Amino acid sequence: MSRISLNNHLYESGVSDELRHLINDISRAGKYIHNAIRTTDLGLAGSSNTFGEEQLKLDVLSNDIVKEELKESRLVCCYASEEESSEMTELLSDAPFTVVFDPLDGSSLLDCNLAIGSIFGIYESKGKLMGKTPRDQVAALYLVYGPRTILVYSTGKGVHAFYLNEVGEFTLLEKNLTMKDEVKTYAPGNLRAVVDTPSYRTMMNLWLDEGLTLRYSGGMVPDIHHMLIKGAGIFTNIGGSKYPKGKLRLLYECGPFAYIMEQAGGASSDGTKSVLDVEITDLDQRTPIITGAKKEVKRVSKVLNE
Ligand code: AFP
């Protein structure tokens, strides 16, 4: 039998039992979210998140689903969610992990039926994240909900992808996703910043002149997943006047993806250093991000700093 389940892959990779159980529990949340996307109406919930953004019923439901699984796991001391208040919530004080997550990233793309995702970062620190960096994560994973639902995880031993099969099990799709030092596609986020950030316009013009192909959906999860599957590409979301540090959050979006991208042999940068080395000072903090093929991340950082 050639089928390899997520649980078996974690086990065979020597991941600790506790972390394996937690990742399995998070993957179960992903299955419920997968189902909710297909069955819940797309209306507004009548509430807004920490950032004042209106929440869809699905944003609220996905958040509840994740919280439920984290609680049931009895392995999570504390969590912080992009959909909740700017404080950590304690679940079980002596449990080993802290989980940060964006339960439904890209939900503004839902009504157009584009791919969206969930993002998770796992820390061992019991709730104290201030002063730490995303390099302290012990695992990161994401789920992309597209024509297929795919889960990608890393526990620091490579990056591995699983698809949700017809009987509801995550089954190995590809192990050791690897970034080549090659850039055929670019995914330039927060592009409105070219208006007042001339160096970003310079970078865009370079890509246009070099004949690169645009691959940008507006969903961080599918846009970065595209690069990891193709093993090439560059993704940016950098600052301008509307979002001085770019649009994306360190804890919930950039940190987990930086961990996964660097594990796949790619790079991440906030313009000067790896996103994995950006100090966490606030749960809501944003950071510029340049991530993808190593050499290109270096070149983009240089152009943006000129
Ligand atoms: P929504 O969750 O509001 O749809 O935003 C998605 C997102 O946070 C991220 O997934 C994208 O990479 C980014 O926004 C797109 O940003 P720009 O609109 O600035 O390109």
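In listed order, ligands and their atoms are each counted from 1. Heavy atoms only: backbone and side chains are in, while hydrogens, waters and symmetry mates are out. Note that the coordinates shown come from a computational prediction; the quantities given were computed from them, not determined experimentally.
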(Q) Which residue and atom name correspond to the protein heavy atom nearest atom 15 (C) of ligand 1, and how close is it? (A) Tyr216 OH, 3.2 Å
Q: Check each atom of ligand 1 against the heavy atoms of Glu253 and keep those under 4.0 Å away; list them by number with element.
A: 8 (O)
Q. So, for Thr197 and Gly239, which heavy atoms are closest and what is the spacing to 0.1 Å?
A. OG1-O, 3.1 Å
(Q) Using 30° and 60° as the class boundaries, would you call the ring planes of Phe257 and Tyr142 parallel, tilted or perpendicular? (A) tilted
(Q) List ligand 1 atoms under 4.0 Å from Ser107, heavy atoms only on the residue side. (A) 2 (O), 4 (O)
Q) Relative to the heavy atoms of Leu248, which atoms of ligand 1 are at a distance of less than 4.0 Å? A) 8 (O), 9 (C), 13 (C)
Q: Could you list which atoms of ligand 1 come closer than 4.0 Å to a heavy atom of Ser108?
A: 1 (P), 3 (O), 4 (O)
**Q.** salt bridge (charged side-chain N to carboxylate O under 4.0 Å, His left out) partners of residues 262-271, not counting sequence neighbours, each pair once
**A.** Asp270-Lys273
Q. Please walk me through it: do Ser241 and Asp196 pass side chain to side chain donor-acceptor pair (under 3.5 Å)?
A. CA-CA 7 Å; Ser241 58; Asp196 43 32; 2.3 Å; yes
Q) Can you check whether Met220 has an N/O within less than 3.5 Å of an N/O in ligand 1? A) yes
Q.
Can a side-chain donor-acceptor contact be found between Glu69 and Tyr32 if the only test is distance below 3.5 angstrom?
A. no
Q: Give the numbers and elements of all ligand 1 atoms closer than 4.0 Å to a heavy atom of Asp105.
A: 8 (O), 9 (C), 10 (O)
Q. Taking only heavy atoms of Arg192, which atoms of ligand 1 are found under 4.0 Å from at least one of them?
A. 18 (O), 19 (O)
(Q) For atom 14 (O) of ligand 1, what's the nearest protein heavy-atom neighbour? Residue, atom name and distance, please. (A) Lys247 NZ, 3.1 Å
Q: List every atom of ligand 1 that sits less than 4.0 Å from any heavy atom of Asn237, numbering the atoms from 1 in the order shown and giving each element.
A: 16 (O)
Q) Do Met88 and Leu129 have side-chain heavy atoms sitting under 4.5 Å apart? A) yes
Distance-only donor-acceptor pairs under 3.5 Å for side chains of residues 89-105, two or more places apart:
from: Thr98; atom 1: OG1; to: Ser125; atom 2: O; distance (Å): 2.5
from: Thr98; atom 1: OG1; to: Gly127; atom 2: N; distance (Å): 2.8
from: Asp102; atom 1: OD1; to: Leu104; atom 2: N; distance (Å): 3.4

Q.
I need the nearest protein heavy-atom contact for atom 11 (C) of ligand 1: residue, atom name and distance, please.
A. Gly218 O, 3.3 Å
Q) Salt-bridged, Lys71 to Glu68, with N to O below 4.0 Å? A) no
Q. Tell me, do Pro134 and Tyr123 make a side-chain contact under 4.5 Å, heavy atoms counted?
A. yes
Q) What are the atoms of ligand 1, with element, lying closer than 4.0 Å to any heavy atom of Gly189? A) 20 (O)
**Q.** Within-cut-off N or O pair, Gly106 and ligand 1, under 3.5 Å
**A.** yes
